[in-house]
Amino acid sequence: EVPDVEMLELEEFQFLKSHNKMAKGGTFDDKVKAISKKLVGKPVPAPYRKEYGSRYDKEDAQEAARRIVGNMRKLYGE
């Protein structure tokens, strides 16, 4: 069974938000930069390991952050 990608991204967003790792205000790129900085070197949640490996490198963190911020805007209109 393939996990629902949007639900997994929402869970990752909620994790970051709950740990005060969201950029306050700013543009899309500002938020991506802030989140990707927090992700570099961190362990990747199990559902994402096939896509990103065991830890986020700089490029993977950037991609994951773009997806997180994109979903955040889609869900909350920020």
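In this text, all values refer to a predicted model and were calculated from it rather than measured experimentally. Values below: all heavy atoms of this structure, side chains included; hydrogens, waters and symmetry mates excluded. For reference, positions follow the sequence shown, starting with 1.
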Identify the two heavy atoms, one from [X] and one from [Y], that lie closest to each other, and give their separation to 0.1 Å.
X: A65; Y: L39; result: N-CD1, 4.2 Å
X: Y56; Y: A64; result: CE2-CB, 3.7 Å
X: S36; Y: Q62; result: OG-OE1, 3.4 Å
X: E63; Y: Y52; result: OE2-OH, 3.8 Å

Trace of the side-chain contact (heavy atoms from CB on, under 4.5 Å) decision for K38 with I35: CA-CA 5 Å; K38 303 289 184 183; I35 291 172; 5.6 Å; no

Report the C-alpha separation of V44 and D60 in whole Å, then their side-chain angles, then the decisive distance to 0.1 Å, and conclude whether the side-chain contact (heavy atoms from CB on, under 4.5 Å) test is met. CA-CA 10 Å; V44 176; D60 290 340; over 6 Å; no

R66 vs D29, test: side-chain contact (heavy atoms from CB on, under 4.5 Å). Steps then yes/no. CA-CA 8 Å; R66 284 191 176 281; D29 289 332; 3.8 Å; yes

More than 12 heavy atoms from other groups under 6.0 Å of CD on E59: no

Could you measure the distance from the CE atom of M72 to the NZ atom of K31? Nearest 0.5 Å is fine. 3.5 Å

Under 3.5 Å: donor-acceptor pair, side chain of R55, backbone of G41: yes

